[in-house]
Amino acid sequence: MFIDSNFEKIKFLSPKVSAFKLLRTHGYKNKDNIKKRILDSAEKALERLTNYSSPVGYFYFEEIKKKSLNSIQLERTSLKCEVFTEIFSESNFLIIFIISLGKGIDIKLKKISNDINEPLGGLFLENASWLALELILRDARSRIISFAKSKNMQIENRMAPGYSYPSKILKKRIMWELKEQENLFNLFKNRNISVSLSESFTMFPRMSRSGVFGLKRNNKI
């Protein structure tokens, strides 16, 4: 990663999600109790996931210029959240990421969600897509770990706008506001990426995720 620049685009293979793992998210815990029509619907959703997704990830590697009480200053933008001082206390760099399954899944979901002949089609495909994104994120994390090791660094914590995180100092959960998504996307300006932000700071295609990983330098021996 980041051989020629601090920007990287990676095309991922469509993740292999098992039908039983998908059905477990819907409360089916015993394989023997799953009716054939339910299993068929789950397998059809996974087939659609493979056929209509085009997984891609965009990554930006940036050194932290300055850390204050509630913010991290980068070269071209700053990020703000009260819990940064705890979660990224030792981080020297950030890797900002945007991953997506592509617009094909969104289009297919919209088409089948109101189809009375497929009452489970949209529900199963949506859950399968979120499971796939989690697998892609695991793959991305493994690549980032390898990159960090090659630079005598190690990966630390991950955060994403729109989620809350526990603070031991403040003794409550702290939200990293969704509007901070705009600052992440600003780092990808003038890059040809296939994910955009709405006015409400949600991503399009909808089956996308973003966030940051902290990296810290290993102590010299």
Side-chain angles (χ1 to χ4, degrees), residues 1-18 21-22 24-25 46 49-50 53-64 67 72 74 77 79 81 83-102 105 126-166 173-176 178 180-181 183-188 191 193-195 197 202-203 205-219:
M1 296 181 77
F2 310 113
I3 296 174
D4 299 319
S5 72
N6 58 350
F7 171 78
E8 184 85 16
K9 175 183 177 180
I10 299 175
K11 291 184 178 179
F12 294 92
L13 296 175
S14 185
K16 301 298 181 183
V17 179
S18 74
K21 184 174 183 178
L22 171 58
R24 279 181 65 88
T25 68
L46 297 176
L49 175 66
T50 300
S53 64
S54 48
V56 63
Y58 306 98
F59 303 86
Y60 192 86
F61 177 58
E62 183 75 73
E63 184 175 8
I64 295 173
K67 283 188 280 189
I72 290 177
L74 303 176
T77 192
L79 307 174
C81 182
V83 80
F84 279 167
T85 51
E86 296 175 67
I87 292 184
F88 296 127
S89 61
E90 297 185 54
S91 297
N92 309 107
F93 299 86
L94 293 182
I95 291 182
I96 297 89
F97 69 86
I98 301 169
I99 61 173
S100 178
L101 294 183
I105 289 290
E126 181 166 357
N127 271 18
S129 297
W130 290 122
L131 289 173
L133 278 171
E134 187 59 38
L135 291 174
I136 292 170
L137 190 52
R138 289 184 191 177
D139 186 351
R141 186 177 186 277
S142 295
R143 294 170 189 249
I144 292 170
I145 289 172
S146 296
F147 166 75
K149 287 181 178 179
S150 73
K151 300 297 182 182
N152 194 34
M153 295 187 291
Q154 65 185 68
I155 194 170
E156 288 205 299
N157 294 310
R158 170 171 66 91
M159 289 183 66
Y163 291 86
S164 65
Y165 299 87
R173 295 188 69 88
I174 301 297
M175 175 69 70
W176 189 14
L178 188 60
E180 284 279 297
Q181 195 104 267
N183 292 326
L184 297 188
F185 272 71
N186 283 341
L187 294 169
F188 295 90
R191 301 288 184 179
I193 71 171
S194 59
V195 185
L197 276 184
T202 58
M203 288 178 283
R206 190 166 66 89
M207 292 301 164
S208 303
R209 293 182 70 174
S210 69
V212 299
F213 284 98
L215 298 180
K216 74 172 183 177
R217 295 188 184 97
N218 288 325
N219 294 327

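Treat the numbers as computed from the prediction; the structure is a model and nothing was measured.
- Side-chain contact between E180 and L79 is present, with at least one heavy-atom pair separated by less than 4.5 Å.
- Considering CG of L133 and OG of S208, their distance stands at 7.0 Å, rounded to 0.5 Å.
- The main-chain N or O of S91 is found under 3.5 Å from a side-chain atom of E156 such that the two form a donor-acceptor pair.
- Taking both residues in full, the closest heavy atoms of V83 and P166 are given as CG2-O, 3.8 Å, listed atom of the first, atom of the second, then distance.
- With contacts defined as side-chain heavy-atom distances shorter than 4.5 Å, the pair E134/R209 qualifies.
- Of the possible polar contacts, one joining the N157 side chain to the I87 backbone as a donor-acceptor pair under 3.5 Å is found.
- Counting all heavy atoms, side chain and backbone alike, M159 lies closest to C81 at CE-SG, 4.1 Å.
- The closest side-chain heavy-atom distance from D139 to F12 is below 4.5 Å.
- A donor-acceptor pair under 3.5 Å is absent between the side-chain atoms of Y60 and the main chain of L184, judged by distance alone.
- Annotation: L178, atom CG; neighbour count of heavy atoms from other residues, nucleotides and ligands within 6.0 Å is above 12.
- The closest donor-acceptor contact from the side chain of S53 to the backbone of P55 lies at 3.5 Å or more, if one exists at all.
- Listed here is the closest heavy atom pair of I99 and G57: CG2-CA, 3.9 Å.
- With R173 contributing its side chain and S164 its backbone, the two residues share a donor-acceptor pair below 3.5 Å.
- The two residues F97 and V212 have their closest heavy-atom pair at CE2-N, 3.6 Å.
- Taken from CG in L215 to CD in E90, the straight-line distance is 12.5 Å, to the nearest 0.5 Å.
- Annotation for L135 and K21: closest pair CD2-NZ, 4.3 Å, computed over non-hydrogen atoms.
- A donor-acceptor contact under 3.5 angstrom links the side chains of Y58 and S194, judged on distance only.
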Can you list the steps and then say if I10 with V56 is a side chain to side chain contact (heavy atoms under 4.5 Å, CB included)?
CA-CA 6 Å; I10 299 175; V56 63; over 6 Å; no
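- Two residues are said to be in side-chain contact when any heavy atoms from C-beta on lie closer than 4.5 Å; K216 and Q154 meet this criterion.
- Only one option out of F61, F147, F88, F213 pairs with F93 in a ring-ring contact (aromatic ring centres under 6.0 Å, His included); it is F61.
- In terms of modelled atom types and a separation under 3.5 Å, the side chain of K67 and the main chain of F84 share no donor-acceptor contact.
- Between the NZ atom of K149 and the CG atom of N218 there is a distance of 10.5 Å, given to the nearest 0.5 Å.
- Other residues, nucleotides and ligands place more than 12 heavy atoms under 6.0 Å from the CZ atom of R143.
- Of all non-hydrogen atoms in L74 and E63, the two that sit nearest each other are CD2-O, 3.7 Å.
- Side-chain atoms of N6 never come within 3.5 Å of backbone atoms of E62 as a donor-acceptor pair (strictly under, hydrogens ignored).
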Begin from the C-alpha positions of M203 and Q181 and carry the test side chain to side chain contact (heavy atoms under 4.5 Å, CB included) through to its verdict.
CA-CA 9 Å; M203 288 178 283; Q181 195 104 267; 4.0 Å; yes
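- Taking CG of N183 as the reference point, atom CD1 of I72 lies at 12.0 Å (rounded to 0.5 Å).
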